[in-house]
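Structure first, commentary second.
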Amino acid sequence: MVRYSIFTLARNALTGHEHWPRAWRSPDPRPAYEVVIVGGGGHGLATAYYLAKEHGIRDVAVLERGWLGGGNTGRNTTIVRSNYLHPESAALYDHAVKLWRDLSQVLNFNVMYSDRGVMMLAHSQHDVHILKRHVHANRMAGVDNEWLSPQEAKEYCPPLSIDPRARYPVLGAALQRRGGVARHDAVAWGYARAADALGVDIIQNCEVTAIRRDGARVVGVETTRGYIATKKLGLVVAGHTSVLCAMAGFRMPLESVPLQALVSEPVKPVFPCVVMSNTVHAYISQSDKGELVIGAGTDQYVSYSQRGGLQVIEHALEAICELFPMFSRMRMMRQWGGIVDVTPDRSPIIGKSPVEGLYLNCGWGTGGFKATPGSGHVFAWTIAKDEPHPLAAPFSLDRFTTGRLIDEAAAAAVAH
Amino acid sequence: MLLIPCPFCGPRAEIEFRCGGEAHIVRPADPATLDDAQWADHLYFRRNPKGVHHERWWHVHGCRRWFHLTRDTVSDRILAVYPVGSRSPLASREDER
C-alpha cells in the first residue's frame, strides 16, 4: 500500500497524477476463508479491518453484492453523535465517537471527520423535559451534552429561526459539541484500503445466494461467484438481514423500510453545524461541497425498493423551511432512499445467532453510520473470541426473549 | 406514494392510511402457556420478506375500517386486497408461522 502523504501527493503531481496505484486489489474468491463477512458497507469493512488489525485474523473475505459503500453507507446523512439516553447505547455510540476522532490518521485516509456539533431542538415543554433528561443522563454517562437557551442556539447556528410566533417555536436545544459529520464514501474506501493492505480479500459483485449448514453449524455460503467455505460467517447487510437469515433458517425481529434523504444545490458555507428536530422531524447539515444534506423520515410499510414516498420528503422540507426560512427558495438536486432494518426497540443487534458460527451485526435502523468504527470494532472482537464484546453484550439477539430491551425508540430514534 | 384500493372507498392516496404491519399474526389462544421464546416470536419476530407480503391497512382518514393487502415489497405493486378474517388469494405455505 502506498502511504498517502504530502510527499506522495507532490511526486504524483509532477507526473500528472497518472501513476496512483489502485487503493485495493480485486481478487477472485478463494475456496475457503477463516472468516467471511457478508456486506461491503462501512460496518462490514470496518469489521474486516479490525479482525486483521487487532486480532491477527487476516484470512478474511468481504463479500459485496454490488459495489463498496453502495448501500446505506453511501445513502445516509453522515451524522455522528453519541447523545443516546440509555447507558448501554451511550457507551456503544461513544466508543465509536472516540474512534472517529483519529480515524483519518489511523487509516491514512481522510474521512473528513468534522466535530462541528450536533444540536437537537426542543419545540414544546415535553421536548424540553426529554432533552434535559438526555443532557443529564449523558453527563452522568461521561458523554458531553449541554443545554442551550433559544438565544444561545441562535448564536451557535445563526440561520436558525427562533421566532416565538412560529408554529413550533424553539424553546431550547441540546448540543453535543463532539458530534459532527464525516465523508461517508471515504469511510468505506478508507477501511477497504486499510483492510486490503492487511490481506483481507474484498470481493465485489458477489451476491450470497444460500447459506450452507451442517446441522446447527454454518459451513459456507453459495455465491454468484461460487461456493466459499467458512466456519465463521458475519452478516452485516442492514436492510437485507431478514433475507439472509431466512437462508440460514431463522427469523429476525426486524422490519425493512425505506429511509430517504436529499441534497440541495451547492452554495457557499452558510450552515455551521448539524441541527436535528424530532418534533417537526428534520435534520440538516452542509457538506464540504456546499450542498445542504437533509434527512427525511421512513415510509410506514416494509419495502426493499430503495425509493420512498414523495410526501415523506415534502414533510421534511416543510419543517426545514419553518426552521430556516432563508432556505425556502433553495433548489434540491438529488433524492434517494436506503433500506434500513428497524428493530422494535430501535437499538442494534450485535452478537451470536441461533446458528453456530453465524454472527449478526444488524438492526442499526435509521442511525447506523455514526457507529461505523465502533460497530466494526466490537463485532470483530465478538467474532474473533466467539463471545460478545462487553459493549456489545447488552445488544444480543436474545434480549427480545429475555425482555431486557434497550428502548431508544421513544428516547432518541425518531431522527438520526 | 402508494395508491391504495380501499375495498370500501376505492383508490385513495396513501396519506389517508396507516399501515398496521404484517397480517395474520394470531394472538395466542392460551397466553399463560407460552414460554418467553414463543412470546418473543409473537411480539417481535417478523417475516419481513423481499417479495410477496401480506399486511394490514387502516383507512384512518376515510372510512376508518381495516382491511388486508398483498403487496410486492420490491416493486411496491399491490397484488390483492381482501377482507379481514380471510386469507389472501396469493397465500402460500411460507406465510404460516
Side-chain angles (χ1 to χ4, degrees), chain A residues 65 207 237-247 249-258 260 298-315 337 339-347 349 353-354 362-363 365 396-405 407 409, chain B residues 1-5 12-25 31 34-61 66-79 81 88 92-97:
Chain A
R65 182 179 63 151
E207 182 174 356
V237 294
H240 278 71
T241 302
S242 296
V243 176
L244 272 285
C245 290
M247 291 177 189
F250 59 94
R251 282 180 203 242
M252 289 293 288
L254 293 170
E255 289 195 299
S256 299
V257 293
Q260 292 184 83
T298 56
D299 280 293
Q300 55 175 332
Y301 47 83
V302 168
S303 178
Y304 289 81
S305 65
Q306 290 192 327
R307 288 186 298 270
L310 192 64
Q311 80 276 13
V312 177
I313 286 178
E314 219 176 342
H315 181 68
I339 302 304
V340 298
D341 47 336
V342 178
T343 56
D345 62 358
R346 303 299 191 274
S347 287
I349 298 167
S353 76
C362 60
S396 67
L397 178 59
D398 72 1
R399 74 175 185 269
F400 296 97
T401 306
T402 62
R404 204 181 187 291
L405 303 185
D407 188 7
Chain B
M1 192 185 310
L2 302 180
L3 183 64
I4 297 176
R12 297 292 182 92
E14 182 202 326
I15 47 169
E16 295 184 10
F17 297 83
R18 287 282 176 282
C19 184
E22 185 178 327
H24 311 300
I25 297 173
L34 263 58
D35 63 22
D36 289 349
Q38 288 168 314
W39 270 120
D41 191 57
H42 172 72
L43 291 171
Y44 302 126
F45 285 66
R46 297 290 177 263
R47 281 187 62 224
N48 195 25
K50 187 177 185 179
V52 174
H53 190 226
H54 311 294
E55 55 200 14
R56 305 160 72 229
W57 284 82
W58 181 28
H59 197 176
V60 59
H61 300 303
W66 286 90
F67 59 94
H68 286 170
L69 275 186
T70 298
R71 189 172 53 85
D72 186 318
T73 62
V74 179
S75 65
D76 287 340
R77 191 178 297 273
I78 294 166
L79 306 171
V81 182
S88 170
S92 69
R93 280 228 338 262
E94 286 171 27
D95 302 337
E96 306 292 334
R97 285 184 77 85

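For the numbers below, each heavy atom of this structure counts, side chains included, while hydrogens, waters and symmetry mates do not. Protein chains get the first letters and strands the later ones, always in sequence-line order, with residue 1 at the start of each.
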Can you tell me if B:D36 uses its side chain to pair, donor with acceptor, with the backbone of A:T402 under 3.5 Å?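 Between the backbone of A:T402 and the side chain of B:D36 there is no qualifying donor-acceptor contact (under 3.5 Å).
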Part of B:R18 lying under 4.5 Å from any heavy atom of chain A: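 Both the backbone and the side chain of B:R18 come within 4.5 Å of chain A.
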Where does B:E14 contact chain A at under 4.5 Å (heavy atoms): side chain, backbone, both or neither?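 Its backbone and side chain both get close to chain A.
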At a heavy-atom distance under 4.5 Å, which candidate from A:L254, A:V243, A:T241 has the highest pair count against chain B?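 It is A:L254.
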Shortest non-hydrogen contact between B:D76 and A:S303, atoms and distance: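 So the minimum-distance heavy-atom pair works out to OD1-OG, 2.8 Å.
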Distance-minimising heavy-atom pair for A:L397 and B:F45: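 Result for this residue pair: CD1-CZ, 4.2 Å.
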Return the [atom1] to [atom2] distance between [X] and [Y], rounded to the nearest 0.5 Å.
X      : Y      : atom1 : atom2 : value
A:Q300 : B:L2   : CD    : CG    : 8.0 Å
A:D341 : B:N48  : CG    : CG    : 8.5 Å
B:I15  : A:E314 : CD1   : CD    : 8.5 Å
B:L43  : A:L405 : CG    : CG    : 9.5 Å
A:T401 : B:Q38  : OG1   : CD    : 11.0 Å

Determine whether [X] and [Y] make a side-chain contact, defined as any pair of heavy atoms from C-beta on separated by less than 4.5 Å.
X      : Y      : value
A:R399 : B:Y44  : no
B:H53  : A:Y301 : no
B:R46  : A:R251 : no

Against chain B, label [X] side chain, backbone, both or neither, depending on which of its atoms sit under 4.5 Å from a heavy atom there.
X      : value
A:V302 : both
A:L310 : backbone
A:I313 : neither

Chain A contacts, top residue of B:K50, B:E55, B:M1 (heavy-atom pairs, under 4.5 Å):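 Top option by heavy-atom pairs under 4.5 Å: B:K50.
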Go through B:A13, B:G20, B:P49, B:G21 and name the one with the most non-hydrogen pairs under 4.5 angstrom from chain A.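 Top option by heavy-atom pairs under 4.5 Å: B:P49.
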With sequence neighbours left out, write down each residue that passes salt bridge (Lys or Arg N to Asp or Glu O under 4.0 Å) with B:D72, or none if nothing qualifies.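 So B:D72 forms no salt bridge (Lys or Arg N to Asp or Glu O under 4.0 Å) with any residue.
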Test of understanding: with ring pair (Phe, Tyr, Trp, His ring centres under 6.0 Å), list the residues that count as partners of B:H59, not counting sequence neighbours.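 For B:H59, the residues satisfying ring pair (Phe, Tyr, Trp, His ring centres under 6.0 Å) (neighbours in sequence not counted) are B:F17.
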